[in-house]
Every structure is written in structure tokens, then in C-alpha cells.
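Contents: one structure, followed by commentary.
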There are 2 protein chains.
Amino acid sequence: MASERVRPYHHGDLRRALLRATIEVIAERGPSAVSMREVARRAGVSHAAPAHHFGDKAGLLTAVATEGFTLLAESLRGAQERTGEFLEIGVAYVRFAVSNRAHFALMFRPDLYRADDPQLVAAKQAAARFLYGPAAAASGRRAGRGRDAGIAAWSLVHGFATLLLDGNLPPAARRDPEAAARRAASHLFGAHRG
Amino acid sequence: MASERVRPYHHGDLRRALLRATIEVIAERGPSAVSMREVARRAGVSHAAPAHHFGDKAGLLTAVATEGFTLLAESLRGAQERTGEFLEIGVAYVRFAVSNRAHFALMFRPDLYRADDPQLVAAKQAAARFLYGPAAAASGRRAGRGRDAGIAAWSLVHGFATLLLDGNLPPAARRDPEAAARRAASHLFGAHRG
DNA sequence: CGCCTGATCTTGTCATTGACAAGATCGGGC
DNA sequence: GCCCGATCTTGTCAATGACAAGATCAGGCG
């Protein structure tokens, strides 16, 4: 009677499949619509299987958010190594938000996951370094100014990305987010001499 | 046996009491932890009472978000009338986020409420006008530049506010958010001549 | 070759929640 | 004095998150 068994008892890489399914649900219905049972259904396993890998719902979302911060850090690192320009790191931030909407939408909703999780904190700090560090170098030599510039830069690109994803920016910005982000970001650091 | 009846059958101003209770829950446990039944318990009514006033959970949160955008618009208007300076409108934006954390935390989670609700859209646009309008005037006369400047300004103060509330900014910024916001915002519009 | 130990996944259950239906209570107009 | 609609309650159902207990499998070790 086991002739039509399609899937084995052991999934093989269920953990990854669950992460993928979670991303899918977030992309379709938003981070707050994620349910462990729906995720389990999409992965083709029983309703309690996700709990084994992630403990609880917050654990699942913590894993997705951590993955997101890691991917973001890699994107920012890539932009820095390719261009060396701080402006382009900001543009890469926005590009990440657009091409990884689901991850990004979850990453800044700390009430949905465990914001104090050590791995998550480490991944977040790794990403933050690419925004704080270069900003300090790119601005004057005064003590507090570097940090202020970093805050301003991160605030601008982060605000731009979140407003964009929530549909709060004009159609032109939605059509070509990268160009709009570059124009907006160029208002910092005196690059707007036109 | 009705001698100890404490509360009347009709609450008097249940709608407002429910909004207050919702704000309370958001402040304590975040927007995603709001439950109609908990809100009803805090208001001292039955579990189905909120549905009568707001239809469903999304309706309740839509009402709270609308109230938030209205309050925000009033704050921005106040800043504009008092100071006339665009920078101070941005600072008022951050001040609103800090002193109305619960409202602000919900306002930019459109997956929790009905983002296409007419009253909400109107309230949001009213607030947005104070950020787009003056920015256009404060920057050059060229066509697109005003809008770009508005986007940059709104992005910066919005990003600053959200990063601040999520605990992603350095301790110094958390201790005196208004001053930090003013320093960050002054990086726009050429005010950073130090 | 056979066992057996732990990791993986399932089934079953319970309290909580959101939504709906039906009924009770109240207030104000006629 | 009555009635009608607004307000609020009680009762119910499916879905969910969390937990407990059991089934299945893989790989090491005799």
C-alpha cells in the first residue's frame, strides 16, 4: 500500500523549504499574515513540523529576518567593493529592499520576531557597519559629525525604501526606484550642485 | 439583584474607549499583538462589542491609523505655523513619532489595516502635503527638483523615526531624539556649513 | 548483519482568536 | 405609552499556536 508514496517521511531539507514557503506567504499577504500551518501546508508537511525546526512562530520569523540581514550585508559589501562610493551603498540598500521585498518587509517589524536573538543581532550589526563606517569617512573629520552623517544617510535610504514599499511615494519613484533613490540621496553630501 | 450593577448596558462612548484600549495594547505589546477580545476586555464590554463599531479587526486598526494621520497632520501644521521653517516640520515629524509611538507604529504597517479606506487616504494625504509642499518651495525652481527634495526630506525624517523606534540608532540619538533629528536633517538643504 | 539511539516528522489535543448569527436592552421620536 | 433602530450580549464555528506523545527513519556500533 506504500506504492504511491510520493514524499518520504524525512523531507531532506525541510528547514530551507519552510523558509522559502514563509517568504512566499509574506510576499503574497504580508508579514502579519504568516501562519505556521499555512507554511507547513506549502512545504507539504504536517502542521507541527515547523515547530521542530524553529521552536515557535517567532523563531521561524527570526530565522527569516536573520537571513534577510545577512543578504543585505552581502549586497552592501558588494556595492562597496564594486564602486567604492558611499552613495552607491545607499542605492544598493534600496535595490535590496525592492528585489527582496518579503525579507525587507519583515526585517523592520521587530514585534513579530525575537529582536534580541544573538545571531540576528550579529547579522544586523554586520549590515549596519556598511552604512555607519563609510559615512564617517565621507564627512568632515569632526568627532560627532561622522556618526551624524551615517545616521542621516541610513535614515534617508531606509525611509525611502520603506515609504516606497508601502506605496507612499509618487508613481515616478515607483517606476524607477533606483534612479529616484540616487536623486534623493544626492541631496546629502553636497552632490546637488545642479 | 441589579443593585450592584456597575456599568450600564450602554457604555456612553464605547467607540472612543475601544480606540484608547487599542492604543494601550499597541504601546505594551506592539501592533501585531492587538486582539479584538483583549481590547473589549480592557474596555469592559463583551467580546463582540467592538465589531459593532468597527466591523472587524482591520476596521478597528484602520480607525486608529486614520486618527494617527490626522494627529500627525495637526502636529506638522502647528510646526509650520509656529516656525515657518521646513527643518522644524521634519523635527515635528520625529517628535510626533516619539510622543505617539503606538499610533506611529501602526500607521506604517498597511498590511494590518485597510490602506485604501477613503478617510484614511485623505488623512494621510493631508499630512503628506506638509512634507511635499514646503520642500518644493525650499529648493530650486526646477520642475522635478522640488518633488525630489520633498522625497528626500520625508525619507530622511521617516527613516530616522522608524529606526529610532525600533532601537536601531545609537544611544545618543535615543537620549535626545529631537536634537539628533535636527542634526541629521540639517545635512539636507545645505545647512551643514560647519 | 542487527540493534538502538537520536533526529525528524505525525497525530491528537487545548485555549485563544476573528467572525458571524441571534437575541437582549436601551433611548428617543411619534 | 409605544415602537423602532442603535447598542451591546451570548453562543457558536473554523483557524491558529503551542504542546504532548507517538511513529518513522538514518547512521553508528557491536
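Computed from a predicted structure; not experimentally measured. Just so it is clear: chains get the letters A, B, ... in the order the sequence lines come, proteins before strands, and each one is counted from 1. Values below: all heavy atoms of this structure, side chains included; hydrogens, waters and symmetry mates excluded.
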Nearest to the [X] side chain among [options], which nucleotide is it?
{"X": "B:Leu14", "options": "C:dT11, D:dC8, C:dT17", "value": "D:dC8"}
{"X": "B:His53", "options": "C:dA19, C:dC9, D:dC8", "value": "D:dC8"}
{"X": "A:Arg37", "options": "C:dA19, D:dT7, D:dT16", "value": "D:dT16"}
{"X": "A:Ser46", "options": "C:dT10, D:dG11, D:dG17", "value": "C:dT10"}
{"X": "B:Ala49", "options": "D:dG17, C:dT8, D:dC8", "value": "D:dC8"}
{"X": "A:Lys57", "options": "D:dT12, C:dG18, D:dG17", "value": "D:dG17"}
{"X": "B:Ser35", "options": "C:dG18, D:dT16, D:dC8", "value": "C:dG18"}
{"X": "A:His52", "options": "D:dT12, C:dT8, C:dG18", "value": "C:dT8"}

Measure from [atom1] on [X] to [atom2] on [N] and round the result to the nearest Å.
{"X": "B:His47", "N": "C:dC20", "atom1": "NE2", "atom2": "P", "value": "14 Å"}
{"X": "B:Leu112", "N": "C:dT17", "atom1": "CG", "atom2": "C1'", "value": "15 Å"}
{"X": "A:Met36", "N": "C:dT17", "atom1": "CE", "atom2": "C1'", "value": "17 Å"}
{"X": "B:Arg41", "N": "D:dT10", "atom1": "CZ", "atom2": "P", "value": "14 Å"}
{"X": "B:Phe54", "N": "C:dA19", "atom1": "CZ", "atom2": "P", "value": "14 Å"}
{"X": "A:Leu61", "N": "D:dA18", "atom1": "CG", "atom2": "P", "value": "10 Å"}
{"X": "B:Asp13", "N": "C:dG27", "atom1": "CG", "atom2": "C1'", "value": "16 Å"}

Calculate, to the nearest 0.5 Å, the distance between atoms CG and CG belonging to B:Leu61 and B:Leu19 respectively.
-> 10.0 Å
Between atom CZ of A:Phe69 and atom CD of A:Glu74, what is the distance when rounded to the nearest 0.5 Å?
->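 Rounded to the nearest 0.5 Å, the CZ-CD separation comes out at 14.0 Å.
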Classify the nucleic acid contact of B:Val39 as base, sugar-phosphate or nothing, counting any heavy atom under 4.0 Å across all strands shown.
->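 Nothing, no heavy atom under 4.0 Å.
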Given D:dC8, is OP1 or OP2 found less than 4.0 Å from the side-chain N or O atoms of B:Arg15?
->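 False: B:Arg15 side-chain N/O out of range (4.0 Å or more) of D:dC8 OP1/OP2.
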Do the rings of A:Tyr132 and A:Trp154 sit parallel, tilted or perpendicular, given the 30° and 60° boundaries?
->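 The rings of A:Tyr132 and A:Trp154 stand perpendicular, inter-plane angle above 60°.
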Which class fits the ring pair A:Phe104 and A:Phe96: parallel under 30°, tilted 30 to 60°, perpendicular over 60°?
->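 Because their plane-to-plane angle is over 60°, the rings of A:Phe104 and A:Phe96 count as perpendicular.
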Toward the 5' end of DNA chain D, by each residue's nearest nucleotide, A:Glu38 or A:Ala48 =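 Closer to the 5' end of DNA chain D: A:Glu38.
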With the 4.5 Å side-chain cut-off for hydrophobic clustering, are A:Met36 and A:Val39 part of the same group?
->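 Hydrophobic grouping puts A:Met36 with A:Val39.
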